[in-house]
Amino acid sequence: MRILHTADLHLGHSLNGWDRDLEHQLWFDRLADIVEQEETDLLLIAGDIYDNTNPSGEIQKLFYRGLTKLKDRRPSLRTVISGGNHDPVRRLEAPGVLLSEFDIHVVGGVHRKENLKTGELVFDLDQHLISIPDSLGGIALHVLAVPFLRASDLPGLSFGQSQETGDESPVVAAARRFFAELTDMALSHISQLGAANGVVAPLIATSHLHCAGGLESEGAERRIMTGGSHAIPPNVFPPELRYVALGHLHRPQTLDGGRLRYSGSCFPLSATEIGYDHGVTIVEIGANGVEHRHVSITRPAPVLRLPETGSGQKTLLIEDLDAALQSLCNEPVEDSPMGLRPFVYLELAATDAASVITAEAAAQVKARGLRLAGIRVRREASKEGDEKATQIITNLKDTEPEALFTEAYLNKNGIPPEERHLIAFRDALAEL
């Protein structure tokens, strides 16, 4: 059984106002190539299919066209999709009846049903447990599809629980109960199936959360906060789960000796991700256990940075920007559609007002036919050290709100706020 694990597509994502639709279309083309070349049996998409909970009709069409393309290239392909924290639960599940005809199973949220014997609400395994057949008509493996968990999905969650004795946080304890109960139910059902045919197929899972030990991508991932906790230890996943396909963190990485894996996002969604090796994970389950490997996918559009990483230069002067842009991207871009032209992030020295430098930089990037991804304007620290600009205010009760705003603006932009900024701040403060 060969599995392709991906996640964090973020369809509908935009970068500094530029949509990524053409990039996503090309990414689906390359994904279809991999599905065919790898002779993939099962596709797992572990959440954040969409970038927001209200995707446009065109973005939804882009997704379904992509799924159709995969099925055309690999007719035997089966797909399991679980929702992420960015996804609209009901909208994701709405076409489920039609998608099931194409061997696509969607779980947008947690499903429970009433136990007719006890009257208690229990997990609906018809929704969460998907059996994947083999070529001989038996069952090759079972997938426990778990979407992003919201507070309402964790019964017994109590924020009054004491942690003074070293007990784990209420969120972790509730998540541990959730996965233990769901896994136990799945294993009981699987054992009954195995008793009928004499074979017990392995159990794997999907999930969308931040596992402790996983490396975050600054500026891209929304921290999942539930009662003040967002990182869940890997051991909440019972050992009977042979492989857990994770979503949420955008850097490809493994945890728990490789049993847990983030496939990463499909291409850079922020400056932090420029150095990542984006791609998908191929998982193979056989008699010798579970093995996985990373398959890189070439970026549909370059994502660049000035100054370049490793150059030793922290910021760039505005008068040097045009020459730097020319050397950074010396190939002509006029023949490329705008949606596939290079992005560029800039970090410029604050030799003038930030608004002036930003406007001039944007004009130069546009003149080169590139797409501006973002600008940071920073003031270089003096040799003696600019303590006032970097001072951290520790005694908030002795500090006026306007002073805090001035300090924050100065630290972020490298220059003091102008009078128009102070007026806007005072107007906002008056509304509180």
Side-chain angles (χ1 to χ4, degrees), residues 10 13-24 51 216-222 250-251 265-278 298-382 386 389-390 406-418 420-421:
H10 288 275
H13 179 263
S14 63
L15 190 55
N16 197 30
W18 299 101
D19 71 64
R20 317 294 297 274
D21 297 355
L22 280 178
E23 293 174 82
H24 273 119
D51 193 61
E216 298 177 84
S217 305
E218 181 182 353
E221 297 146 351
R222 182 187 305 167
H250 294 178
R251 181 197 296 266
S265 54
C266 51
F267 45 70
L269 303 175
S270 71
T272 308
E273 300 180 39
I274 291 177
Y276 293 0
D277 180 13
H278 291 272
T298 304
R299 295 173 183 177
V303 183
L304 311 171
R305 179 183 356 223
L306 279 176
E308 296 182 70
T309 303
S311 67
Q313 186 179 2
K314 294 182 180 179
T315 54
L316 187 71
L317 297 175
I318 187 66
E319 52 263 34
D320 298 330
L321 175 58
D322 187 62
L325 287 172
Q326 183 176 8
S327 63
L328 182 68
C329 188
N330 50 23
E331 296 182 1
V333 299
E334 290 78 9
D335 295 335
S336 299
M338 184 59 73
L340 295 178
R341 291 187 185 183
F343 280 108
V344 59
Y345 284 92
L346 302 177
E347 190 157 328
L348 301 173
T351 55
D352 202 339
S355 58
V356 174
I357 292 175
T358 299
E360 174 61 23
Q364 292 191 34
V365 171
K366 182 179 180 180
R368 286 285 174 185
L370 307 175
R371 294 186 288 174
L372 182 63
I375 300 178
R376 284 187 178 182
V377 180
R378 289 188 174 181
R379 178 177 58 179
E380 297 287 353
S382 66
D386 192 345
T390 60
T406 301
E407 187 80 16
Y409 189 97
L410 183 63
N411 287 337
K412 182 172 180 60
N413 300 292
I415 57 175
E418 301 172 14
R420 60 190 178 93
H421 298 132

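Quantities reported herein were computed from a predicted structural model and do not represent experimental measurements.
- Closest approach of A361 and L348 over heavy atoms only: CB-CD1, 3.6 Å.
- In this structure, CD1 in I375 is found 10.0 Å from CD in E360, a value given to the nearest 0.5 Å.
- Ring geometry, Y276 versus H278: the interplanar angle falls from 30° to 60°, so the pair is classed tilted.
- Across every non-hydrogen atom of A349 and L317, the tightest pair is CB-CD2, 3.8 Å.
- In this structure, L346 CG and T358 OG1 are separated by 9.5 Å, a value rounded to the nearest 0.5 Å.
- Of all the heavy atoms in L15 and L269, the pair that sits closest is CD1-O, 4.0 Å.
- Here the shortest heavy-atom pairing between I357 and A350 reads CD1-CA, 3.8 Å.
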**Study point:** side chain to side chain contact (heavy atoms under 4.5 Å, CB included) between R20 and F343, worked out
**Key:** CA-CA 11 Å; R20 317 294 297 274; F343 280 108; 3.5 Å; yes
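- When all heavy atoms of P342 and L304 are compared, the pair lying nearest together is CB-CD1, 4.1 Å.
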Practice item. I would like to know whether E23 and L340 meet side chain to side chain contact (heavy atoms under 4.5 Å, CB included); could you show each step before the answer? Key: CA-CA 6 Å; E23 293 174 82; L340 295 178; 4.0 Å; yes
Exercise for review: Decide yes or no on side chain to side chain contact (heavy atoms under 4.5 Å, CB included) for I318 and Q364, but give the supporting numbers first.
Suggested key: CA-CA 10 Å; I318 187 66; Q364 292 191 34; 4.1 Å; yes
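- Under the rule for a ring-ring contact (aromatic ring centres under 6.0 Å, His included), the partners of H24 that lie at least two apart in sequence or sit in another chain are F267.
- Minimum interatomic distance between E273 and S265 (heavy atoms only, all atoms of both residues): OE1-OG, 2.8 Å.
- Here the CE-CG distance, from M338 to D19, works out to 11.5 Å after rounding to the nearest 0.5 Å.
- Residue pairs meeting the side chain to side chain donor-acceptor pair (under 3.5 Å) criterion with at least one partner in residues 339-352, sequence neighbours excluded, are E347-R378.
- By the 6.0 Å contact criterion, CG on D277 is enclosed, its count of non-hydrogen atoms from other residues, nucleotides or ligands being greater than 12.
- With sequence neighbours excluded, the residues that form a side chain to side chain donor-acceptor pair (under 3.5 Å) with D322 are R368.
- Of the possible polar contacts, none joining the R376 side chain to the T315 backbone as a donor-acceptor pair under 3.5 Å is found.
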Review point. When you look at H10 and H250, which way does the side chain to side chain contact (heavy atoms under 4.5 Å, CB included) test go after all the steps?
Key: CA-CA 11 Å; H10 288 275; H250 294 178; 3.3 Å; yes
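- Taking CG of L316 as the start and CG of L306 as the end, the distance is 6.0 Å to the nearest 0.5 Å.
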